[in-house]
Amino acid sequence: MGESAWIMFCNNSSCSKETGKTCSSGFPSIFNPYSCFNHAFIISVDMLLLLVAFLIIFCKFSSKKITTNSQSQSISLVAVLSEIYNGILSVAYLFLGIWTIYHKLDMDHTVLPLDGWLVLLYQGFSWLLLAISMSLKNLNLPCTIAVKACSSFTLLYAVFLCISSLLEAIADKTVSIKIILDVLSFPGSILFLFCAFRGHGSKDTITDPGGDFDACYAPLQGEEHDSTDETSVNHDITPLANAGVLSKMFFWWLNPLLQKGKEKILENNDIPTLQQACQAHACYLKYNDRLSEQKRRNSSGSISMLSIIAYSHWRAMLTSGVFALIKILTLSTGPLFLRAFIAVVQGNETFKYEAYVLTIGLLIAKCLESISERQWFFITRMVGLQVRSMLSAAIYRKQQKLSNAGKMNHSPGEIVSYVTVDANRIGEFPYWFHQIWATSVQFCLALFIVYSSVGLATFAALAAIILIVIASYPHTKLQLECYKKIMSAQDKRLKAITEALGNMKLLKLHAWETHFKKVIESLRKDEFKWIIGILSQKGYQLVLFWSSPIVVPAVTFWTCYWLGITLNASNVFTFLASLRIVQEPVRLIPDIVQVFIGAKVSLDRIVKFLEAPELGNRKLEQECEDKNFEHSILIKCNEISWDINPSSKPTLKDIDLVVKPGEKVAICGEVGSGKSTLLAAVLGEVPKVNGTVHVHGKKAYVSQTAWIQTGSIQENILFGSVMDPVWYQEVVEKCCLIKDLEMLPFGDLTEIGERGVNLSGGQKQRIQLARALYQNADIYFLDDPFSAVDAQTATSLFSEYVMRALSDKTILLVSHQVDFLPAFNSILLMSGGEIIEAGTYDQLLASSQKFQDLVNAHNNTIGSEMDVSYSSNGRAMASKDVIKNLHVKEEPIMATGEQLIKEEERETGDTGLKPYLQYLRHNKGFLYFTLAILFHVAFIIGQLVQSYWLAAELQSSEVSSKELLTVFTVIGFSLAIFLLLRSFYVVLLGRGASESIFSTLLKSLFRAPMSFYDSTPVGRILSRVSSDLSIIDLDMAFKLSITVGTTMNTYFSFFVLAVLAWPVAFVIIPMVYLTILLQRHYYASAKELMRITGTTKSSVASHLAESIAGAMTIRAFGGEDRFFLKNMNLIDANASPDFYTFVANEWLIQRLEILCAIVLSSTALSMTLIYLGPSASGLIGMALSYGLSLNVFLVVSVKNQCFLSSSVVSVERVEQYMHIPSEAPEVIETNRPTHGWPCLGKVEICNLKVRYRPNAPLVLHGISCIFEGGSKIGIVGRTGSGKTTFISALFRLVEPADGEIIIDDLDICTIGLHDLRSHLGIIPQDPTLFGGSARYNIDPLEQHTDNEIWEVLEKCQLREAVQAKEGGLNSIGKKNKDTRVGFFRFASINNMKTISAVVQDGLNWSMGQRQLFCLGRALLKRSKILVLDEATASIDNTTDSIIQKTIRTELKDCTVITVAHRIPTVMDCNMVLGISDGKLVEFDEPMKLMNKEGSLFGQLVQEYWSHSS
């Protein structure tokens, strides 16, 4: 009975009858897929699996307790893929089994023996039931255990099937469909395993393809209101959230957005929001959790960012890795299909309709390859997006807590670069991560196939590849060094550019643009050396890896020749097809290396920043809502210092201060005595505090230098608070802003430019005061807030703001205005970092000589014309009746009909070839590009000739093997030369374009008028000179040439297929047409998405730069969380178009790949059905080797096109700022002033009219006057009356609309700007210092000796302060031959043990000291005409009187034009010019004007006398 059954099963043979094979007997035969023992074993295992699967399904559906969820079940993408993949696999087994039965009945008229088809049916049914059982949800514990055990067993079973089938295929050098299915069962089993362990008993289901966590939005602490406003649910949520399985697999959910992009130009509000898991908030929360966990485990405090990223996204990366594996396995079936097709053409078909079955199999394999690769890239792109958002948010959060020491090591420009450049580079890395191992696995599989084709010659191929990789190692190492160097050089350049752009007005006023431009160019020159190095290394590696498909076949075929291995169409073209498959991944190795190196360098930089010291002292503050406390401020410290070095001299010492609730305390003292540092210490800004600092209550802070946000005036005043119309109106009135708002075109909704550029200094300060008052805080810290406003406005503000609005508030006020001091409860007199006296005004006046000197200095500055007496009870408020009767009239600086700050411009629509032509027109770009493309064409034609020679002559008896291989090798070496020449010209193209574009851009920026900087946030410019320029420097040339090259490869492959198999032309032509249609449909949306990505990136950079500048103000108001939330919203606004850009790429590539699969399958079928003559097998091998790589070529081509389209947006963006309408010429050679001009200093102004922009109303209305040479002219007027505009016209920062300004008989509009500005001197309203040495700051052009500089510092009261710095004038290092002392070398401050004399923006010097530096520059320059624009506003009266005396003595023969709010400053002038509403109202001697009824000057004097009494 048993024997009969065995005969029925196996026909009494150890092998299946139909195979015709000889099988071994015994146990080894179990590994032979054709043996009966193998079939019996497989059927037994299948029966066991079927039983387990039935039990799991029965257990699920017979369970009485059915779990239901009110919410929809989230679907695992792996489960979906597993169902589809294994479902198709089971159907393939069943179909093959049924076909085998049909074939046996047709041929043998019997179904015996049973084993051949029974094993296929069992395989099909078992795989089908396993797929069903693995997809079940909500199983009980026994079923879950069974599923996991079954999946593990299935994996081992599949490994057995895969290995046994591969060994048999290699041994027999033939492949059957059953062997292919057995090999494909391995990835199916892996999917089963993932489903079992991820889908059962795990809370982490995947709600999106790239996410692996369920992050819900939780408002930041204290953010409930803001989060409601700013992150309210967007109903236009991404369609991905509600997409079905097939929609996700084929990206159908993107169709509505692409359709919208075709119908109209996409705008920001057309783009749906991201999924919750991809939003910056969720990413940052995950980062914070991982960081906290890491810190708990590792007490050392160092951050392992790589482990945080890996731990946060390992599931998504694992899922994408499965897709990558499936892609590699399906790709590797290509050469096997090729071998099978060649066998069919040679008449060795296994069954009748094998060609059709192979065609269908090839189509399915290629479609599966496309789906898996697209999901692989989609998931990794999404992970990269999350990583980038996480790092951007982490960097922003870190800068909010960065200490002073941290700021010295990381400049604002560097921090912006961390977000715009470094975070982007790290975000790119996940996309490339799997390529590292995928290329290796793909290579190993190719080696197996190659071994089956050429035997031992495989080792020669392997040796050649290893040698190529070894040869690339020195280049890789050199490239890593170049990357490190270029990042350092780029930081230095960005620091310099950031400082120059931020202080462009000062550079223009002093005519320093040319010098600073040369400094930046020299920095760029250093950077450019490394750019050339990187481009050269990329060129070498490109040649090396593109040559590998040429060198390896030559080495392999010659080895076959020497070993006597016969070369035929089957093994040669199977080998070449395998090589072509790995050709593109191998060519990608340079890119992978570059990305890996770039990501490593960037990660190190970001980690270094994230580990920088923070403001640890803020913990000492105690916020308290309870009003019942004994003191508002308590300070008991023996040392307070900005420098944490124990050996450093403390900034403040022995501070003992208690301020009670409601008490008003004034702080006064000379410049640099530590007044602002004391406020900073109370606010928790000073890093080193030895003692106790307690603050009870809500704080408000007004900084000495006004910090204004980009946005409307209303947004600046509200500062995140809820609008209360009544309180808001009261605040505006108290801050004297009513008239300003009435005159502005949009009232309080008028947009303010970056740093408040379209407001006067007084207006900016009053908006700051309004911001502080609106918060209704308990404690107010006011740092010299009245220095920027005129006397009457100061008096009004003090009366209405300090004494009334803040009557019950605690106030700490730093002030140089002695006249306000009597109104305070207590006065602190500071000197040398100590509080030397403290008491009431009367007490100090009676007991302190220093205080008496301070008051007397003030009295002396008022002048003999004003008889002023101070009485003990005659406080500043005694004259309030006089003040009330004075008419307040202030005019704003701007009254135009349009907003100054506009949305960032971007190109729209299809720009065609315009940006590419713009790129190529630089520095012989067209020539180099043309030559590179010509050599690439030669390379392609050479490849075709080489392949055709091999195909046509391989089986020819007329050509010997030696001759065949010699010609093949010679052609190959010629191709290598073409590659070398192509790379050479691409490097020249990149080098020339990079050099020319930067030079043009820099020239355009430095020649741009001030109106450009007034209306353009610096962040927009920085994003172009950092990330956009980096793309142009390192990527653009190679991307352009490679994209054109790979596109030519693709269309050339189409051409070869059409020629070799002419019927395929009927498929190819419509396919090419469809390809063009799809690309047009794609580009309509994709280009706009790329452009929106660029503009939103600028917003992120601008907000970051602005937040860095106002960090102290933001912290003082407790606005960190609100600004952080806004930053995350901006990150999301940037990430959203970027997300849809890369999804659109995958959408396009997937459709094109499926078209290619159809073309390839059609080619294979037609070539097997058409007779091609004796060389048929060679030609079909050649055609299919081209066809199999068509998918790869097309993917790489389209991918490169997408990358190029993204990169060319950088060219568009940079191009926008390369042709800014420039100022008048710097020098007019035909009309240059003499060397000693101006010799008299006489200024004649005739009917001067000025407007800021065309069609804008006049700001100055026909001013006419004459300033005699050597006279002292005072200019007075209300805040915003046009005083600063008048000075701007004198320096031609704004060109006169009409009229003339004549200096010493020379019309200033007829000479060059450099000639004009370099002959005038100015001390500007906003004092500015540059990072570097003290010498550099006072003499940037290095035209004076050290003795001259020390002499000027002495006169400016700065000698002692500079001498206190180690190294004196050159405190960042000894002066060397390099003339770029400060500016060039300030980037190396980080490596110095001592702090630079001046850090960026001069933050380590007080405001008064900065103004003294500016005064020193003017004294050193000794111009015949000197302008003082509020030059001593932040200096105490004593220092002011010394400075005025110095100016009178040193510049007695000069024409001095003084704009001042302090009336005593202009009392000794020869003439006073009064301006109101942009009109000249009076011009006469001061005494005459004082005695003139209705005089503006007389009114201002009366006001000053009133509030000084």
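Not measured: the values here are computed from a predicted model.
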Close side-chain approach of V387 to F429, heavy-atom, < 4.5 Å: no

Exam field: side chain T1043 to backbone N1200, donor-acceptor pair closer than 3.5 Å: yes

Ring center gap for F251 and F378 short of 6.0 angstrom: yes

Value rounded to 0.5 Å, distance of CD in Q435 from CD1 in I592: 5.0 Å

C1156 side chain reached by L1152 side chain, heavy atoms, under 4.5 Å: no

From R1151 atom CZ to H1081 atom NE2, the distance as rounded to the nearest 0.5 Å: 9.0 Å

Any side-chain heavy-atom pair of K366 and L331 under 4.5 Å: yes

Smallest separation among heavy atoms of F250 and W1147, with atom names: O-CD1, 4.4 Å

Side-chain donor/acceptor of T439 to backbone N/O of I436, under 3.5 Å: no

side-chain hydrogen bond (donor to acceptor under 3.5 Å, both in side chains) between Q1201 and S1197, worked out: CA-CA 6 Å; Q1201 287 176 39; S1197 170; 3.1 Å; yes

Polar contact flag, side-chain donor to acceptor under 3.5 angstrom, D46-W127: no

Distance-only donor-acceptor check, side chains S1085 and Y1140, under 3.5 Å: no

Where L274 and Q279 come nearest, the two heavy atoms and their spacing: O-NE2, 3.1 Å

For S185, the option from L161, I180, T154 that meets side chain to side chain contact (heavy atoms under 4.5 Å, CB included): L161

CA sep, side-chain torsions, deciding dist, call: L240, M382, side chain to side chain contact (heavy atoms under 4.5 Å, CB included): CA-CA 12 Å; L240 176 62; M382 191 177 283; 4.0 Å; yes

Donor-acceptor contact present, side-chain Q375 to main-chain K248, <3.5 Å: yes

Which atom of L120 lies closest to which atom of Y93, heavy atoms considered: O-CB, 3.6 Å

Verdict with supporting geometry, N242 and W253, side chain to side chain contact (heavy atoms under 4.5 Å, CB included): CA-CA 9 Å; N242 302 314; W253 57 269; over 6 Å; no

Approximate separation, where rounding is to 0.5 Å, of S189 OG and L130 CG: 10.5 Å

More than 12 heavy atoms of other groups within 6.0 Å of Y1051 OH: yes

Pairwise side-chain contact, I1149 with F377, heavy-atom cut-off 4.5 Å (strictly under): no

Trace of the side chain to side chain contact (heavy atoms under 4.5 Å, CB included) decision for I42 with Y157: CA-CA 9 Å; I42 289 173; Y157 172 49; 3.0 Å; yes

Carboxylate-amine/guanidinium contact R388 E428, below 4.0 Å: no

F1052, CZ: over 12 other non-hydrogen atoms inside 6.0 angstrom: yes

Spacing of H313 atom NE2 and S320 atom OG [to the nearest 0.5 Å]: 11.5 Å

Residue pair S389 / C278, side-chain heavy-atom distance below 4.5 Å: no

More than 12 heavy atoms of other groups within 6.0 Å of Y1083 OH: yes

Separation of L325 CG from L329 CG (nearest 0.5 Å): 4.5 Å

M317 backbone acceptor or donor facing H434 side chain under 3.5 Å: yes

salt_bridge(R374, E1146) N-O dist < 4.0 Å: yes

Verdict with supporting geometry, L1078 and L1155, side chain to side chain contact (heavy atoms under 4.5 Å, CB included): CA-CA 11 Å; L1078 284 169; L1155 292 180; 4.0 Å; yes

Heavy-atom pair of closest approach, residues W376 and A438: CH2-CB, 4.1 Å

Nearest heavy-atom neighbours spanning T330 and A365: CB-O, 3.8 Å

Contact summary for S372 and I326, nearest pair of heavy atoms: CB-CG2, 3.9 Å

Side-chain heavy atoms of Q1150 within contact of E373, under 4.5 Å: no

Distance, nearest 0.5 Å, that separates OG1 of T1047 from CD1 of I1042: 11.5 Å

Non-hydrogen side-chain atoms of N86 and L89 separated by less than 4.5 Å: yes

Heavy-atom side-chain contact between C162 and D182 under 4.5 Å: no

